[in-house]
Amino acid sequence: MKADRAVTAAWEARERAYAPYSGFRVGAAVETAEGKIYPGCNVENASFGLTLCAERAAIVAAVAAGATSFVRLVVATDRDPPTPPCGACRQVMAEFGLDAVVDGVGPESSRKWQVRELLPDAFTKDQMA
Ligand code: THU
């Protein structure tokens with residue numbers, strides 16, 4: 001995939017991954033409709049279950065900056081084919097829009113999904129209305 005701003009931000013965030021236990025470094029970047037970019041990386045913990053994935057870190061950074069809807073989320077790892085996001089991250093993505101595109105990028109290849117396809121029949125705020 002062409003290295004646009006969000007792809008570059010995800011690769012740069014991957015450099016900042018804190019992954020001393022798994023060694024699996026992940027970078028992510030949220031892109032809003034206005035073209036704003038919010039990066040995130042995975043942050044592990046000695047209490048392994050507290051690990052935060054890069055996707056959720058990017059989403060949390062976007063929300064903290066005031067952006068609550070996004071059109072795209074780029075996820076960068078060193079794997080080809082690129083790895084898909086975990087289930088917990090899919091649910092958090094769904095909170096902020098089922099139409100967003102998720103671009104997985106690796107060194108040699110890319111994959112594209114839509115949030116609604118990653119999490120079919122999602123439980124969202126609409127169901128509580
Ligand atoms: N990880 C992510 O950051 N995103 C994913 O989509 C999958 C997994 C992280 C969590 C942990 O730090 C490491 O990758 C191995 O699971």
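Heavy atoms only: backbone and side chains are in, while hydrogens, waters and symmetry mates are out. Counting starts at 1 for both ligands and their atoms, in listed order. Keep in mind the model is a prediction, meaning the values are calculated, not measured.
A search for side chain to side chain contact (heavy atoms under 4.5 Å, CB included) contacts involving Asp126 returns Thr124, not counting sequence neighbours. In terms of the side chain to side chain contact (heavy atoms under 4.5 Å, CB included) criterion, residue partners of Ala57 (sequence neighbours excluded) are, by chain and number, Leu52.
A distance limit of 4.0 angstrom between heavy atoms and ligand 1 selects the residues Ser22, Phe24, Val26, Asn42, Glu44, Thr51, Cys53, Ala54, Glu55, Pro84, Pro85, Cys86.
Proximity of Val102 to Glu117: side-chain heavy atoms (C-beta onward) are nowhere separated by under 4.5 Å. Counting only heavy atoms from C-beta outward, the side chains of Met93 and Ile59 approach each other to under 4.5 Å.
Annotation: ring pair (Phe, Tyr, Trp, His ring centres under 6.0 Å) contacts involving residues 39-87, sequence neighbours excluded, comprise Tyr21-Phe48.
Heavy-atom minimum distance, Val26 versus Glu55: CG1-OE1, 4.4 Å.
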